[in-house]
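Below, all heavy atoms of this structure are taken into account, side chains as well, without hydrogens, waters or symmetry copies. Residue numbers begin at 1 in each chain, while the letters A, B, ... track the order of the sequences.
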2 protein chains.
Amino acid sequence: MRPLGLRERKKLKAMRHIQDVALDLFDRDGFAHVTIERVAAEAEVSPSSIYRYFGTKEMVVLWDEYDPIMLQALDDRLAAQDPISALRGILTELVDTAMFEQDERVIMRRMHYAMEEPAVRGALNRQADAMAVELRGTIAKHTGRDPDGLELRVVTAALISAFLEALAYWHETGYRDSLKTIVEGALDVIERGLRVE
Amino acid sequence: MRPLGLRERKKLKAMRHIQDVALDLFDRDGFAHVTIERVAAEAEVSPSSIYRYFGTKEMVVLWDEYDPIMLQALDDRLAAQDPISALRGILTELVDTAMFEQDERVIMRRMHYAMEEPAVRGALNRQADAMAVELRGTIAKHTGRDPDGLELRVVTAALISAFLEALAYWHETGYRDSLKTIVEGALDVIERGLRVE
DNA sequence: ACTGAACTGCGAGCCGCTGTCAGTTGACGG
DNA sequence: CCGTCAACTGACAGCGGCTCGCAGTTCAGT
């Protein structure tokens, strides 16, 4: 799996390029006012290729080549630790990776649309939903709980939504604090229970 | 506000009729394979009217004439009680209302698409997001918390997502138990904190 | 090399959704 | 009861996201 063939490398490069070009156009004219056709023209690929690569216009923004790696890492950790520790661990790992530093600017550009553009936000939520299902299955497998039980459903949903809120807060506060700090704060809130008043 | 004019009554009747016709067609041919044009023809209104009434195809399923009433009731309760008690209260009230009994079948039909059809599910999440924002504002007002603080964000998100999971669970278990029981179970989980292992 | 499979671009087309405009219908004061 | 005005409705045109089938091209394994 490690050594990517030429085909895959070309595809990855094309996707990076398309995403980059698209973000430029979105920044200039706004997400809604940029057509896929124009992105395709600017990136010198055909519109159908964009749809083949990304599936939807929103995914042009949301796609992240490291997502599968992250998910794999999370899965691995879940075999040995509880979900909250696993998430904390991933975050720490992430911050220590040069990859993150390097692409942080791109991440923030994408985050802008993920938070401000309703359509993109919707797609993000959908991704989160899919992730919740998978997470539930994994936790169930490692703890012997009922994967379809109400309790586990609520717990994983709370976890995922806490992470999403952390992202939103990170964005709204202008990326002032590190994402790691914020996510840990969010997890703390969840962990200690929700005395509301 | 109470006595609805003829205009509003006609509109409400039309919307009920359109939703009903649409659900019939969706049941027969599937959500994706039914065009708004066909719904319009079957309901004997113009397509533009459907868009004026509901905004999007998904909202034809999600629209509920009692939603604004529910939201108002929730707002009222939030002035005097904490959010969890308020939600429990609304649920109890709901179950006691004849309105619910009467329309329960329609609710289940709609629920089917809200859960199984990705596009509709997306719209539901979006509604939930909007509700979270409002809820945050209301809680902040009544408790003096920072409406944009991380803690309140996480708490309200957990509450809303718990409710959504309760709905999903209700649907998945074939509406066996009452929604009230399930929501209360979900709220219990949230309330006592999320020790995961 | 060479064959098969995967990928790409092209063209046509569906349908959700928006905006405009002319015609109609209910709300309201006299 | 009626005239006026605002609100609503339907017909139409059009945009653009997205899909599909097809023909030509490019990479992978032998």
Review point. Does any non-hydrogen side-chain atom of B/Val183 lie less than 4.5 Å from one of B/Lys180?
Key: no
Practice item. Report yes if some heavy atom in the side chain of A/Glu104 is under 4.5 Å from a heavy atom in the side chain of A/Met108; otherwise report no. Key: yes
Review point. Quick one: salt bridge (Lys or Arg N to Asp or Glu O under 4.0 Å) partners of A/Asp76, sequence neighbours excluded?
Key: none
Tell me, please, which residues at least two apart from [X] pass side chain to side chain donor-acceptor pair (under 3.5 Å).
| X | answer |
| --- | --- |
| A/Glu65 | A/Arg16 |
| A/Ser46 | A/Ser48, A/Ser49 |
| B/Arg38 | B/Asp29 |

Can you give me the closest heavy-atom contact between [X] and [Y], atom names plus distance?
| X | Y | result |
| --- | --- | --- |
| B/Asp67 | B/Leu62 | OD2-O, 4.4 Å |
| B/Leu167 | B/Met111 | CD2-CE, 3.8 Å |
| A/His142 | A/Leu78 | CD2-O, 3.4 Å |

Review point. Does any residue of residues 9-20 of chain A have a heavy atom under 4.0 Å from DNA chain D, and if so, which ones, in number order?
Key: A/Lys10
Review point. Where along residues 35-42 of chain A does a heavy atom come under 4.0 Å from DNA chain D, residue by residue in number order?
Key: A/Thr35, A/Ile36
Practice item. State whether B/Tyr53 places a side-chain N or O below 4.0 Å from either non-bridging phosphate oxygen (OP1 or OP2) of D/dC8. Key: no
Practice item. With DNA chain C as reference, determine whether B/His33 or A/Val45 sits nearer its 5' end, using the nearest nucleotide of each. Key: A/Val45
Whole angstroms only, please: what is the [atom1]-[atom2] distance between [X] and [N]?
| X | N | atom1 | atom2 | result |
| --- | --- | --- | --- | --- |
| B/Asp29 | C/dC14 | CG | C1' | 16 Å |
| A/Phe31 | D/dG16 | CZ | P | 14 Å |
| B/Lys57 | D/dC18 | NZ | P | 14 Å |
| A/Met59 | D/dC18 | CE | P | 12 Å |
| A/Ile50 | C/dC7 | CD1 | C1' | 16 Å |

Measure all distances between protein nitrogen or oxygen atoms and nitrogen or oxygen atoms of nucleotides 27-30 of chain C, and list the pairs falling under 3.5 Å.
from: C/dA27; atom 1: OP1; to: B/Leu6; atom 2: N; distance (Å): 3.0
from: C/dA27; atom 1: OP1; to: B/Arg7; atom 2: N; distance (Å): 3.2

Could you go over nucleotides 19-24 of chain D and give all protein N or O partners under 3.5 Å, atom names and distances?
none

Point to revise | Qualifying salt bridge (charged side-chain N to carboxylate O under 4.0 Å, His left out) pairs with a residue from residues 40-57 of chain B, counting only residues at least two apart or across chains | key: none
Exercise for review: Mind jotting down which residue pairs meet the salt bridge (charged side-chain N to carboxylate O under 4.0 Å, His left out) criterion with at least one end in residues 153-167 of chain A? Sequence neighbours excluded, please.
Suggested key: A/Arg153-B/Glu165, A/Arg153-B/Glu172, A/Glu165-B/Arg153
Practice item. Using the ring pair (Phe, Tyr, Trp, His ring centres under 6.0 Å) rule, collect all pairs that involve residues 104-135 of chain A, keeping only residues at least two apart or in two chains. Key: A/Phe26-A/Tyr113
Check your understanding: Base, sugar-phosphate alone, or nothing: which one does A/Val60 contact when heavy atoms must sit under 4.0 Å apart?
Key -> nothing
Point to revise | Non-neighbouring partners of B/Ala132 that pass side chain to side chain contact (heavy atoms under 4.5 Å, CB included), sequence neighbours left out | key: B/Ile160
